[in-house]
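Below is one structure, written out as structure tokens; the observations come after it.
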Amino acid sequence: MKKLENLEQFKAWAKENAFIYPSSEIYGGFAAVYDYGHYGTLLKNNIQNAWIKSMVQDRNDVYILDSGIFMHPKTWVASGHVGGFSDVLVEDKKTHKRYRADHLIEEWFENKGEKVDMDKKTAEELADIIKTNNIKSPEGNDLTESRSFNLLVKSNMGTTDATFSDENVTYLRGETCQGIYLEYKNFVDTLRLKLPFGIAQVGKAFRNEIVARQFVFRTREFEQMEMQYFHKPEDKKELFEMWKQARMGWLVNELGISKENLRFKEHEKLIFYATAAFDIEYNFRTLGGFKEIEGIHDRGDYDLTQHAKFSGQTLDYFDQDTGTRLIPHIMETSVGLNRLVMMVLEEAYTEEDVVNAKGKKDIRIVLKIKKDLAPIKVAILPLSKKPELSAKSLEVQNILRKNFVTAYDETASIGKRYRRQDEVGTPYCVTVDFDTLNDNAVTVRDRDTMQQERINISELEAYLTEKFN
Ligand code: ATP
């Protein structure tokens, strides 16, 4: 069985199969932005819905929010993003290609067989390391001095000339969780919440990433699914462990990712307000190894303290049990939806050696995705384009589409159509043939086993419902 080997192959396959397209291709492309096609969008929505279900429907302590992408600009001053949300950049003096200094150094040492972690190092520290070790660009050229580069994407809002002055800058949110902190008080008041509780949100975030050449792993516009859990500091240890296990369990059980391809990585150096931080990493073949997909961080009382200070509002919580007031502490789980799509596709993509209908050796590409996540659940395929078969097939589709996302395909040979559905992960294909017109039965083919079963149309819906359960 073969898997996807590299990013170029991955990108070409994802485009060819209507999962992900590079943005603005007719204008020559637009770096670090991608568009999701029919199957990609359905898959992304399924992953998003599974996350919301696990957070909100399956629990009693997490609520959901949809806040604006634009927020009061002071938000980003209070959060520390205006002052310090930056990566350190170096430039190749000859090619003028830009690199993230921390990544460049890590790769340079990796090529020498040494493992170093440059996370959270300052521009000065990174500059020192580059100098002392005489580190060059990947092309072997000298590098410029390293400098910090703010990642917030700026915008302007309003309709007067003053809107476009520097004082009226607004920001596209750099992370979705800030919207949660701003609405924390409304949630407590209007839903009468008691600690501990969480607020979850899914939405777009924007960052001026210095280097974004890793397909949808790192883009300048992306989607985060973040949950902020408000709690008393004394419960921290137990809750942190609970969330670590819950998140790892979700990736394995709900997204169908094998345990060996996932691991926790503890941050070596914590950001000043954090008390504990772990990433969950996935072993991306196409990116050369384990890379972060999710962060689980204990943020202490930093966020609410900062927003209370900058807004002049009281954001503390009255504990009725003890009659005291406190600023709740926050732990977060923060995962990139696009990285999950990439992970699920990479994990599921499989090339199998098979023997085709003519007895010849062949390769079958099959997306062995969890059935719940499959973009299309059932494909309806008339054996031929004859009008009586089309009519019967559409009848069958109309029965199934009430409960399943279906596709209808009558082009090309039946073998080719099976393969198309295999490649986008459709768990079941229903074939309508000439016998159907007499016996009212269809053939159901299973994606993974390729076994076929004859089922009466009157029982088809119940049969498939059972299969999905
Ligand atoms: P990295 O170290 O890879 O830049 P980060 O530590 O800055 O990521 P966080 O700020 O913790 O990431 O964001 C939480 C999650 O959001 C990440 O685990 C990742 O899944 C996702 N994410 C962050 N930046 C991007 C991006 N540029 N493109 C796609 N997803 C992203």
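Numbering of ligands and ligand atoms starts at 1, following listing order.
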Taking side-chain contact (heavy atoms from CB on, under 4.5 Å) as the test, write out the residues that go with L151, two or more places apart.
F85, D87, F149, R207
All pairs passing side chain to side chain donor-acceptor pair (under 3.5 Å) where residues 230-241 contributes a residue, at least two apart:
K232-D319, K236-D298, K236-H329, E241-Q245
Within a radius of less than 6.0 Å around CD of E16, do more than 12 heavy atoms belonging to other residues, nucleotides or ligands occur?
no
Enumerate the protein residues lying less than 4.0 Å from ligand 1, judged by heavy-atom distances, in chain and residue-number order.
R100, R207, E209, F217, R218, T219, F222, Q224, E292, I293, E294, H297, S334, V335, G336, R339
Between F215 and F10, does the ring centroid distance fall short of 6.0 Å?
yes
Here the salt bridge (Lys or Arg N to Asp or Glu O under 4.0 Å) pairs for residues 70-84, sequence neighbours left out, are none
Carboxylate-amine/guanidinium proximity below 4.0 Å for K265 and D117:
yes
